[in-house]
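In what follows, a structure is listed as structure tokens, so that the remarks can point back to it.
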Amino acid sequence: MSADTPLPMLGGLSAADFLGQYWQRKPLLIRGAFPDLESPLSPDELAGLACEEGIEARLVEEHGRDNQGSPKPWQVSHGPFDEATFARLPERDWTLLVQAVDHYVPVVADLLEAFSFLPRWRLDDIMISYAPPGGSVGPHVDQYDVFLLQASGQRRWQLGGAVDEDAPIIDGIDLRILEHFEVMPDQDWVLEPGDMLYLPPGHAHHGVSQSEDCMTLSVGFRALSADESVTSFADYMGETLPASLRYSDAGMTPPTDPGELNDEALERMRRLILDTLDDPAQLAQWFGRAMTQPKYVDQLVPQEEPTPVDELAAELEAGGHLERTLGSRFAWRALDDTQATLFVDGDGLPCEMGLARALASQASIDAELLAYPGAASLLAGLLDRGSLSWPADEMEDDA
Ligand code: SIN
Ligand code: CO
């Protein structure tokens, strides 16, 4: 598929048009983006996930109560929840939000295929919300690009335009709700199942459930802040720099005032920092690791025993295949014409380029990949660290 092919999920825009005109720039409402969409989960199934240990879930009650039972507007509580929590909730004005449902539910992860017109390593997760009528999380701004896909019921979305980062928010609550929210003309829609709203970062929005069964999927894309990038890259570089590489003022002229930090000193330090950091090869190694860091490190479950490489190869030769563990992140970057670095869950591994490309795509991980030198031991290593897994049914067969 070329970048100019019209995509129904983008309302007939091509990937090139969407990226050129809307991505990171302006909102786009797409009616019928996923015309046959059926909600991948029921409200009960979502509530079930929110009761599980280790799954990030929040409950937002517009007219909640604090621990002492006193009224507390916009009360946020964090999971895991239990049945008693859901039993005490009123008939309206609350929202349940569950993060990273794509890590737990394969049919939700399958939806990501439709977003392949974006770099996969930009993805954060798919959050799913459920709300009875009136439920919302208040008018707010996110720093992420998000596609808000209506999965069931109706939600009214109102947009308030681009908002400065320091726009005032309501004091004393655990949500960042905007103090002022004014709906822009013509930016007020009720989304039906299959409709989708794209929002760039920094755009005020307010979504209120209009039905008993309102479920919304938020396909979120993250971008590192300058703050995180600088700190994290400097940390990465710090591990490789020799202690002997230092500020140096060999050949300096005598200072006019020994107490002054003069321009020459400042320039020497500026050069030391910029020259040290300006290393494209190291930047690539850091960037790949940073963008494939797992969202939840605990979710990577390493194997207790290392996989024998010949057994893994035999299993694949016999028709087996491996799967990318849901939530695992893969990316690659060329080193030269044939070699690449495969980035997996925060690590970087030297790899044949064809193998790296295949692993960082949706291609099947089967015996065909064994044609690449070193493939079996690389796959065994990825299995051992939990980034790849055998399909659940094959594991049962083995047991
Ligand atoms: C929701 O699904 O209720 C909120 C999503 C959002 O506004 O980011
Ligand atoms: Co939002």
Side-chain angles (χ1 to χ4, degrees), residues 24 26-29 33-34 37 39-43 45-47 49-50 55-62 64 74-79 89 92-102 108 111 115 123-163 165 167 169-170 173-179 181 183-184 187-223:
Q24 296 244 299
K26 53 185 186 190
L28 177 66
L29 171 70
F34 289 78
L37 184 74
S39 181
L41 289 182
S42 67
E45 286 168 327
L46 191 72
L49 285 179
I55 295 189
E56 190 184 342
R58 282 167 299 156
L59 184 63
V60 176
E61 295 168 77
E62 192 165 344
W74 298 111
Q75 170 79 11
V76 184
S77 19
H78 298 269
L89 287 170
R92 48 176 300 132
D93 302 341
W94 55 269
T95 299
L96 171 70
L97 307 122
V98 181
Q99 291 298 148
V101 181
D102 55 309
V108 174
L111 283 169
F115 294 86
L123 175 77
D124 184 32
D125 70 347
I126 300 186
M127 179 186 81
I128 303 189
S129 70
Y130 164 76
S136 91
V137 298
H140 67 278
V141 174
D142 298 310
Q143 288 311 320
Y144 285 11
D145 297 87
V146 66
F147 294 86
L148 297 154
L149 171 58
Q150 195 59 25
S152 65
Q154 290 85 35
R155 182 182 290 274
R156 177 178 185 184
W157 283 106
Q158 297 178 303
L159 306 189
V163 164
E165 199 172 349
I169 54 166
I170 301 178
I173 55 174
D174 297 337
L175 281 177
R176 295 181 54 82
I177 298 181
L178 291 168
E179 226 171 65
F181 178 74
V183 186
M184 304 264 289
Q187 307 262 291
D188 184 343
W189 310 283
V190 174
L191 269 69
E192 304 281 339
D195 293 348
M196 185 165 78
L197 177 61
Y198 162 70
L199 284 183
H203 275 248
H205 53 286
H206 185 29
V208 184
S209 164
Q210 309 288 302
S211 64
E212 290 296 335
D213 55 348
C214 174
M215 291 187 79
T216 306
L217 272 61
S218 296
V219 184
F221 289 83
R222 74 214 199 285

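Not measured: the values here are computed from a predicted model. Numbers here simply count residues along the sequence, with the first being 1. Read the numbers this way: they start at 1 and go in the same order the structure lists the ligands and their atoms.
Residue S129 approaches ligand 1 through these ligand atoms, each under 4.0 Å from one of its heavy atoms: 1 (C), 2 (O), 3 (O). Applying the 4.0 Å criterion to heavy atoms of S218 picks out, from ligand 1, the atoms 5 (C). The ligand atoms of ligand 1 that sit less than 4.0 angstrom from a heavy atom of D142 are 8 (O). Close approach to H205 involves these atoms of ligand 1, each under 4.0 Å from a residue heavy atom: 6 (C), 7 (O), 8 (O).
Atom 7 (O) of ligand 1 has as its closest protein heavy atom H140 CE1, 2.9 Å. Looking from atom 4 (C) of ligand 1 to the surrounding protein, the closest heavy atom is V137 CG2, 4.1 Å.
Put simply, the angle at the Co ion (ligand 2) from NE2 in H140 to NE2 in H205 is close to 90°, to the nearest 10°.
Within the 4.0 Å heavy-atom cutoff, Y130 does not count among the residues contacting ligand 1. Remark: distances from the non-hydrogen atoms of H206 to ligand 1 are all 4.0 Å or more.
Note that CH2 of W74 and CD of E62 are 3.5 Å apart. Values are rounded to the nearest 0.5 Å. Taking CD from E192 and CD from Q154, the interatomic distance works out to 4.5 Å, rounded to the nearest 0.5 Å. The line from NZ of K26 to CG of L28 is 9.0 Å long, rounded to the nearest 0.5 Å. With rounding to the nearest 0.5 Å, the separation of OH in Y144 from CZ in R222 is 7.5 Å.
Below 30°, between 30° and 60°, or above 60°: for F181 and H206 the angle between ring planes is above 60°, a perpendicular geometry. Between F115 and F221, the two ring planes are tilted [angle within 30° to 60°].
Closest approach between the Co ion (ligand 2) and any N/O/S atom of D142 involves OD2.
Of all the heavy atoms of Y144, none lies under 4.0 Å from any atom of ligand 1, so neither backbone nor side chain is involved.
Of all heavy-atom pairs spanning V146 and S218, the tightest one is CG2-CB, 3.7 Å.
Counting only N and O atoms by type, the side chains of D195 and Q150 include no donor and acceptor under 3.5 Å apart.
Where the criterion is an N or O separation shorter than 3.5 Å, residue side chain and backbone included, T95 fails it with respect to ligand 1.
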